[in-house]
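What follows is one structure encoded as structure tokens, with my remarks underneath.
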Amino acid sequence: MRATSLLRAVLGLEHTRVTGFELTETALVVDVAPTSKVAVCGGCGCRARHVYDARERRWRHLDFAGVEVLLRYRLRRVDCHRCGVTTELVPWAEPAVGFTREFEDVVAFLAQRMDKTSICQLMGIGWETVGRIIERVVARRGSANPLDGLTHVGIDELSYRRHHQYVTVVTDLLRGRVVWVSPGKNADTVRRFFDELGSERGAQLELVAIDMSGAYIQAVREKASHATLVFDRFHVQRLAHDALDAVRRQQVRELRTDAPDAAKILKRTRFALQKNPWNLTQPEHERLALVQQHNQPLYRAYLLKETLADILDHRQPNVARRRLTEWCGWAARSRLEPFRKVAATVMTHIEGILGYVATRWSTAISEGLNGKIRTITRRSYGFHDVSNLIAMIFLCCSGITIALPRKVPRMPELRLSPS
Ligand SMILES: [Zn+2]
């Protein structure tokens, strides 16, 4: 078998001939050419009649047994009747890209699973290159119309780069996948989503789950007034958790001078107070009992937090409405300023909270997805551009599956060498 035939069989590139090779000090350079003689325009894919000139170009391909493989070809400049003068399209790579599609697919496959340093070491490329490759693979392999057929969506904000910057993430709650991501977290960001969705697809929306941020509420009310607005239950509970902690800190401050020992005990109750009662350890139970005996305001705050969680477990909106209203009255009379504020917020947003009770939908349906995105954000540290991060979120959370280029060598017709 001739070496070029062997290379062709092993590389297995579609519509590609192998015409020669050279072993340099650093790489195996394989001369290739498209099987079709007619040049194709890189802009529109049409056949191009006129060829101007050609210049040698190289494309990085997958390593062969640890040896770097480069494809070499004299790329032609063509005159297309639509696009003017462009370069021709080759079967093994995207226009103006120095890597083969198979190489890029492997990088993307790894990026779905691996940290950046390992990818860079394994593939022998820089991190910024990884970012650009991911963007191209997402454009190539991602859903062409991710916003089609949406009925239940969750809108969440996500901080990145040490919490100074935000992206807004829209999730298809039924399919559990990300469908839209954009920098920013204000009303305009959400309006942009609805504008891209358009009125026809927007009319199909049945439910929008958000956290209680004013910016999101305003935009959703404007743009999807027909859809049921649901507030994330965990966000509602987080308000109570924060209020409870504010009360605890206030009590510690007040006791510090008069009763330092009592203050010390309260300091150690933070986790016991925040936890679900059924998860408490024995020492935590004992700490809570101490709070109950010695600090009435803090214990009241604890009961308020627990009762709110209990109300949100209800499944009948009528019962939940009555109990939520009672809860707000109790919180307002509690003489605990943080809880009076929570009560005011709950009363203002009661319809959306009951929306959760009636439908049980929450942005946290995609809780697993959120965790995944957070991991990605950490792994993507050092991406210079937010577009890299967005591409990474799509790569990992929008249902893109990448098949590895595993194949059996395609045997050419057997040709016995003359010697
Ligand atoms: Zn063209």
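Atoms within a ligand are numbered from 1 in the order they appear, just like the ligands themselves. As the structure is a prediction and not an experimental result, all values here were calculated from the model. These values consider heavy atoms only, across backbone and side chains, with no hydrogens, waters or symmetry-generated copies.
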**OP:** Could you list the residues that satisfy salt bridge (charged side-chain N to carboxylate O under 4.0 Å, His left out) with Arg253, not counting sequence neighbours?
**Re:**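 Salt bridge (charged side-chain N to carboxylate O under 4.0 Å, His left out) check on Arg253 returns nothing, list empty.
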**OP:** Without swapping roles, check the side chain of Asp172 against the backbone of Leu174 for a donor-acceptor pair under 3.5 Å.
**Re:**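 Side chain of Asp172 to backbone of Leu174: a pair is present.
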Original post:
How about Glu56: does its CD atom have over 12 heavy atoms from other parts shown lying under 6.0 Å from it?
Top reply: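 Result for CD/Glu56: enclosed.
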Subject >> Arg340, CZ atom: more than 12 neighbouring heavy atoms under 6.0 Å >> reply: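 Check fails, neighbour count at 12 or below.
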**OP:** Give a yes-or-no answer on whether the side chains of Arg238 and His241 include a donor-acceptor pair shorter than 3.5 Å.
**Re:**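 On atom types as modelled, these side chains do not qualify, holding no pair under 3.5 Å.
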Original post:
Hey, are the side chains of His15 and Pro34 touching, using non-hydrogen atoms and a 4.5 Å cut-off?
Top reply: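 The answer is no; the side chains never approach within 4.5 Å.
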Subject >> Shell of protein N/O/S atoms around the Zn ion (ligand 1), taken as anything under 2.8 Å >> reply: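 The answer, once waters are left aside, is Cys41 SG, Cys44 SG, Cys80 SG, Cys83 SG.
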